[in-house]
Amino acid sequence: MSTAIDTPVEDLTRERNLGFLKNPVLIALVITILLIVVGQIVSPGFGSYNQVLAMLRVASFLGFIAIGQTIVILSGGDGIDLSVGKVATLGAIVASKIMEGSNDNLILGILIPLAVGCAIGFFNGLGILLLRIPPFVMTLGMSGVVTGIILAYTGGVAGGRSAPALTALVNGRWLFNIPGVLYLWVIATILVTIFLRRTWTGWNIFAVGANRTAARLSGIPVTRTVLLSYVLSGFFAVMGGLMLLGYTETVFLNLADNLTLPSVAAVVIGGTLVAGGIGGYVGSAIGAVLLTVLSSFLTTINMPESGRIIINGTVLILLLAVYGRQRKLRS
């Protein structure tokens with residue numbers, strides 16, 4: 001009786017297959033599809049073409065904010081940006097005030113809020129790099145500062161309206177009846193992926209996130225790279241706020257506040273290591289879709305708001321626990 005012995009090639013093939021099955025991006029995609037299928041069974045129409053497009057449109061707002069969050073987390077150093085929700089809200093409020101429901105000031109209504117977002121990200125980076133304030137503390141404190149700015153700027157009453165062109169971009173249906181914001185999101189995903197994977201700056205972000213000491217010894221501008229990461233986080237937070245403004249056509253004082261923690265969850269679900277240096281944005285985008293579909297599914301089965309919050313928080317805790325363990329293993 002003979003005993004089969006696996007060759008090194010067979011072992012490598014098996015490891016690759018198992019690695020593919022453990023791919024966080026693939027797992028998130030499969031779970032998303034399963035949720036849509038189950039939702040369709042529970043509530044016919046949940047998986048319809050138009051309903052899926054509606055969920056993707058809502059996911060895009062979180063997706064834009066998650067771009068910056070992904071870059072910050074990839075840059076390592078326990079990087080995280082807890083000010084993104086407030087920055088997105090501020091960007092939308094400033095834009096609505098400038099636009100005032102007219103296309104005349106559309107360009108200024110986009111450029112000025114984006115500049116404000118970059119400035120806030122710049123100060124976040126300075127506090128973390130120069131004052132040595134932990135990212136969690138610095139960005140949480142900045143969230144409070146931005147809240148004060150919003151109250152001072154609005155007097156406690158949000159006003160203004162989206163420019164019709166911005167609303168048409170977000171809510172209008174284009175080729176294949178797909179909302180314009182989804183085309184913009186796809187373009188942003190492609191550009192960000194190219195930036196991270198095909199440019200020196202993108203490679204520097206991965207290198208700094210993997211090991212800052214080694215990166216510094218290799219001549220990589222660590223300070224400039226980390227600072228850029230937080231500037232980009234502020235930029236894309238405002239992008240998400242602008243898309244939300246186009247969707248709602250008006251603003252609220254807490255418009256995007258509830259997207260801060262989901263932006264972190266989307267990044268973690270997508271496979272980006274919380275320690276930095278490993279991951280990418282495509283996974284974060286799928287994570288944003290998964291969270292949106294999950295929220296829609298819980299609404300469909302009449303889950304109370306309290307239950308949805310508990311479930312979302314539990315998912316985030318479990319994911320952070322899993323990836324925290326991976327961080328120890330890598331160390």
Report the C-alpha distance between Ser233 and Asn124 in whole Å, list the side-chain angles of each, state the deciding distance to 0.1 Å, and finish with yes or no for side chain to side chain donor-acceptor pair (under 3.5 Å). CA-CA 10 Å; Ser233 182; Asn124 270 333; over 6 Å; no
State plainly whether one hydrophobic cluster holds both [X] and [Y], where clusters connect Ile, Leu, Val, Met, Phe, Trp and Tyr through side-chain heavy atoms under 4.5 angstrom apart.
X	Y	result
Phe176	Trp185	yes
Leu111	Val251	no
Ile73	Leu82	no
Val52	Val42	yes
Val226	Val267	no

Is the shortest side-chain heavy-atom distance between [X] and [Y] below 4.5 Å?
X	Y	value
Phe195	Leu232	yes
Ser229	Ile205	yes
Met99	Asn105	no
Asn50	Arg173	yes
Leu131	Leu126	no
Val268	Thr272	no
Leu244	Leu259	yes
Leu253	Ile93	yes

Members besides [X] in its Ile/Leu/Val/Met/Phe/Trp/Tyr cluster (side-chain heavy atoms under 4.5 Å):
X	answer
Ile194	Val186, Ile190
Ile309	none
Leu191	Ile187

Going through the distances and angles, do Thr89 and Asn254 end up as a side chain to side chain donor-acceptor pair (under 3.5 Å)? CA-CA 7 Å; Thr89 298; Asn254 59 349; over 6 Å; no
Do Tyr247 and Val58 pass the side chain to side chain contact (heavy atoms under 4.5 Å, CB included) test, and can you show the C-alpha distance, the side-chain angles, and the key distance before you say yes or no? CA-CA 9 Å; Tyr247 179 66; Val58 173; 4.2 Å; yes
Looking at [Y], is its backbone amide N or carbonyl O close enough to the side chain of [X] to form a donor-acceptor pair, meaning the two atoms are under 3.5 Å apart?
X	Y	answer
Ser295	Leu291	no
Gln51	Gly45	no
Asn204	Thr225	no
Ser263	Thr260	yes
Asn211	Ala214	yes
Ser75	Phe206	no

Yes or no on side chain to side chain contact (heavy atoms under 4.5 Å, CB included) for Leu29 and Val25, after CA distance, side-chain angles and deciding distance? CA-CA 6 Å; Leu29 186 59; Val25 178; 5.6 Å; no
Just jot down the salt bridge (Lys or Arg N to Asp or Glu O under 4.0 Å) partners of Asp104, sequence neighbours excluded, or say none.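 With neighbours one apart ignored, the set is empty.
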Just jot down the salt bridge (Lys or Arg N to Asp or Glu O under 4.0 Å) partners of Glu100, sequence neighbours excluded, or say none.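 Salt bridge (Lys or Arg N to Asp or Glu O under 4.0 Å) check on Glu100 returns nothing, list empty.
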Criterion side chain to side chain contact (heavy atoms under 4.5 Å, CB included) on Leu35 and Leu290, from CA distance to verdict: CA-CA 9 Å; Leu35 281 173; Leu290 170 56; 3.7 Å; yes
Return each pair, listed once, that meets salt bridge (Lys or Arg N to Asp or Glu O under 4.0 Å) where at least one residue sits in residues 237-255; pairs must be two or more places apart or across chains.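 Non-adjacent pairs meeting salt bridge (Lys or Arg N to Asp or Glu O under 4.0 Å): Arg161-Glu249.
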Considering residues, nucleotides and ligands other than [X], do more than 12 of their heavy atoms fall under 6.0 Å from its [atom1]?
X	atom1	result
Phe297	CZ	yes
Tyr153	OH	yes
Tyr49	OH	yes
Arg224	CZ	no

Side chain to side chain contact (heavy atoms under 4.5 Å, CB included) test vs Phe236 passes for just one of Ile65, Val87, Thr70, Ile67, namely Ile67
Distance alone, cut at 3.5 Å: any donor-acceptor contact between the side chains of [X] and [Y]?
X	Y	value
Ser43	Thr300	no
Thr299	Arg308	yes
Thr139	Ser83	no

Compare every heavy atom of [Y] with every heavy atom of [X], then report the nearest pair and how far apart it is.
X	Y	result
Pro24	Gly271	CB-CA, 3.7 Å
Ser102	Ala163	O-CB, 3.3 Å
Gly47	Ile36	CA-CG2, 3.8 Å
Ala95	Gly109	CB-O, 3.2 Å
Thr201	Leu228	CG2-CD2, 3.4 Å
Ala207	Ile220	CB-CD1, 3.5 Å

Could you give the distance from [atom1] ([X]) to [atom2] ([Y]), rounded to the nearest 0.5 Å?
X	Y	atom1	atom2	answer
Ile112	Ile107	CD1	CD1	11.5 Å
Met138	Met142	CE	CE	4.0 Å
Arg57	Leu182	CZ	CG	8.0 Å
Ser48	Leu53	OG	CG	8.5 Å
Thr193	Arg198	OG1	CZ	10.0 Å
Thr248	Met243	OG1	CE	11.5 Å

Indicate, with yes or no, if the rings of Tyr230 and Phe122 have centres closer together than 6.0 Å. no
Name the orientation class of the two ring planes belonging to Trp174 and Tyr183 (parallel below 30°, tilted from 30 to 60°, perpendicular beyond 60°).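 Taking Tyr183 first and then Trp174, their aromatic rings lie parallel (interplane angle under 30°).
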Given side chain to side chain contact (heavy atoms under 4.5 Å, CB included), test Ile301 with Leu298 step by step and report yes or no. CA-CA 5 Å; Ile301 62 176; Leu298 295 176; 4.1 Å; yes
